[in-house]
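Computed from a prediction, not measured in an experiment: that's the story for all the values here.
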Amino acid sequence: MTIRKLCIISIALMLALTAAAFTPSISPWILVPVALIGIVFLPGCLLMVNLKIAPPNRLEYLLYSFGLGLGLLLLGGLVINWVLPYAGVLHPLAALPLVAFFDIVVALLSWNACRADGGSSAVMHWKPANAASWFFGLFPLVFLVLSVLGSQVLNDSGTGVLTLFMLFGVAAYVIALTLCRRSVQGWVYASALYLIGLSLLLMYSLRSAHILGWDINLEYQMFQMTLQNLMWKMSYYPSLDYNACVSITILPTIFAKLTNISPEYVFKLVFQVLFAAVPVAVFAFARRYLKEGIDFLAAFLFLSQTWFFEQM
């Protein structure tokens with residue numbers, strides 16, 4: 001993909017999200033993935049181009065884009081939360097100020113990227129995958145389906161057969177992938193870790209119709225105050241450390257206003273989609289120092305602990 005194509009796609013998605021943010025009839029199951037690509041990943045790519053960051057491989061390119069995009073959301077949300085009230089905007093985290101701000105940011109990043117590189121520089125190249133890579137790379141989608149269905153069955157007072165089948169299937173899959181590691185390409189490990197991690201996270205977070213956990217209840221209260229006022233202030237809860245975390249006040253408010261998703265499902269679904277990238281980042285770090293296959297097992301050790309999908 002060239003930089004010019006990246007800019008065109010980014011602007012097109014932001015314009016689509018601008019329209020979608022004011023159209024409540026659109027399903028959030030469609031808006032959420034589009035929003036995560038449009039306001040996290042692609043702006044992160046543009047920011048990386050503007051900062052002239054050149055990661056050594058495709059995996060780190062994706063992770064850098066993801067991290068920079070999230071950072072841009074956090075910083076951008078914080079900026080408009082502080083600046084717009086001085087211009088008379090009483091609700092800076094409402095949908096209109098948010099889409100206007102991020103539309104302008106994406107347009108400026110796109111303009112500067114095309115101006116500097118002329119639209120000819122390649123952003124990312126992809127190599128064709130073999131049959132074994134496609135199989136092992138996409139098979140964990142089965143675990144994702146079983147995770148969601150298993151949680152729903154348990155919520156309806158059913159049995160945990162689907163969830164148990166998923167867990168045993170993950171164990172068998174990891175063994176098979178390790179044995180066949182010479183037949184697959186490197187991207188398969190990242191795909192497997194992300195989909196398995198997301199399956200484990202959703203297995204827990206989708207239980208019950210409401211948020212589930214410990215600290216999350218107090219965190220959700222901080223978020224609700226920000227969402228109701230469409231502004232974040234330290235004075236809301238001056239004695240609570242959680243209110244100082246823009247990741248659980250401003251960030252979920254941005255997602256809720258731009259995707260029309262239920263506020264609880266920002267905590268039950270959107271954050272899981274984001275956090276599932278952490279095992280992939282662990283893998284990217286481990287592969288610098290460990291042999292192929294061992295780096296995958298190191299990252300899998302991280303996500304296989306109960307602390308990963310219950311507490312984190």
Side-chain angles (χ1 to χ4, degrees), residues 10-11 13-26 28 30-44 46-47 66-109 211 215-275:
S10 300
I11 293 174
L13 268 182
M14 282 305 302
L15 291 176
L17 284 171
T18 299
F22 302 100
T23 311
S25 58
I26 299 178
I30 297 175
L31 273 180
V32 168
V34 173
L36 291 178
I37 295 173
I39 64 175
V40 177
F41 177 70
L42 291 179
L46 289 172
L47 189 57
F66 173 80
L68 286 170
L70 271 182
L72 185 62
L73 274 186
L74 291 167
L75 181 60
L78 192 60
V79 167
I80 64 175
N81 182 80
W82 281 348
V83 172
L84 290 187
Y86 291 103
V89 180
L90 300 180
H91 303 293
L93 298 180
L96 182 58
L98 285 173
V99 295
F101 176 80
F102 288 112
D103 280 350
I104 293 172
V105 168
V106 169
L108 290 175
L109 289 175
I211 56 173
D215 297 343
I216 190 174
N217 296 286
L218 189 55
E219 293 169 356
Y220 187 76
Q221 183 181 354
M222 306 296 103
F223 160 52
Q224 282 292 91
M225 180 63 76
T226 304
L227 183 62
Q228 290 169 9
N229 293 282
L230 295 176
M231 176 187 285
W232 170 71
K233 291 183 178 180
M234 284 296 296
S235 59
Y236 289 154
Y237 297 96
S239 61
L240 290 177
D241 297 337
Y242 288 134
N243 194 40
C245 300
V246 293
S247 58
I248 57 176
T249 52
I250 292 179
L251 184 63
T253 301
I254 292 174
F255 285 129
K257 300 307 295 183
L258 294 184
T259 63
N260 295 311
I261 193 173
S262 164
E264 283 194 88
Y265 272 81
V266 176
F267 276 56
K268 289 172 66 68
L269 176 63
V270 176
F271 278 178
Q272 282 66 29
V273 174
L274 298 175
F275 188 67

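Across every non-hydrogen atom of Leu269 and Gln272, the tightest pair is N-OE1, 3.0 Å. Here the closest heavy-atom approach between residue Phe255 and residue Leu36 is recorded as CE2-CD2, 3.7 Å. Contact between Thr249 and Val246 at its shortest, heavy atoms only, is OG1-CA, 3.2 Å. What you find for Thr226 and Thr253 is that their closest heavy atoms are CG2-OG1, 3.5 Å. Closest heavy-atom contact between Leu72 and Pro43: CD2-CB, 3.9 Å.
The CE atom of Met222 sits 13.5 Å away from the CG atom of Leu227 when rounded to the nearest 0.5 Å. Interatomic distance, Leu47 CG to Leu42 CG, rounded to the nearest 0.5 Å: 12.5 Å. Atom OG of Ser247 and atom CG of Leu274 lie 10.5 Å apart (nearest 0.5 Å). A distance of 11.0 Å separates OG of Ser10 from CD1 of Ile37, quoted to the nearest 0.5 Å. In this structure, the separation between CD1 on Ile248 and CG on Leu218 is 7.5 Å, given to the nearest 0.5 Å.
Annotation: Phe271 is in aromatic contact with Phe267 [ring centroid separation under 6.0 Å].
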Expected list for residues 88-102: side-chain donor-acceptor pairs under 3.5 angstrom, two or more places apart:
residue, atom, partner, partner atom, Å
His91, ND1, Asn229, O, 3.0

| request: Before giving the answer on side chain to side chain contact (heavy atoms under 4.5 Å, CB included), spell out for Trp82 and Trp232 the whole-Å C-alpha distance, their side-chain angles and the decisive distance to 0.1 Å. | output: CA-CA 9 Å; Trp82 281 348; Trp232 170 71; 4.1 Å; yes

Before you tell me yes or no, could you show the steps for Ile39 and Leu73 under side chain to side chain contact (heavy atoms under 4.5 Å, CB included), namely the whole-Å CA-CA distance, both residues' side-chain angles and the distance that decides it to 0.1 Å? CA-CA 8 Å; Ile39 64 175; Leu73 274 186; 4.3 Å; yes

*Please assess Tyr237 against Gln221 for the test side-chain hydrogen bond (donor to acceptor under 3.5 Å, both in side chains), listing each intermediate value before the final yes or no.*
CA-CA 10 Å; Tyr237 297 96; Gln221 183 181 354; 3.2 Å; yes

| message | Quick one, Leu13 with Val34, criterion side chain to side chain contact (heavy atoms under 4.5 Å, CB included). Give me CA distance, side-chain angles, the key distance, then yes/no. | response | CA-CA 8 Å; Leu13 268 182; Val34 173; 3.6 Å; yes

Next on the checklist: If you apply the rule side chain to side chain contact (heavy atoms under 4.5 Å, CB included), what do you find for Val266 with Leu251, and how did you get there?
Outcome noted: CA-CA 10 Å; Val266 176; Leu251 184 63; over 6 Å; no

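Leu74 places none of its side-chain heavy atoms less than 4.5 Å from the side chain of Ile250. With contacts defined as side-chain heavy-atom distances shorter than 4.5 Å, the pair Tyr265/Val270 does not qualify.
Under a 3.5 Å cut-off, the side chain of Glu264 and the backbone N or O of Ile211 do form a donor-acceptor pair. Without hydrogens or angle criteria, Gln228 side chain to Met225 main chain gives no donor-acceptor distance under 3.5 Å. Asn81 places no side-chain N or O within donor-acceptor distance of the main-chain N or O of Met231, the cut-off being under 3.5 Å.
Each of Leu108, Val105, Leu109 was evaluated against Leu46; a single residue qualifies, Leu109, per the side-chain contact (heavy atoms from CB on, under 4.5 Å) test.
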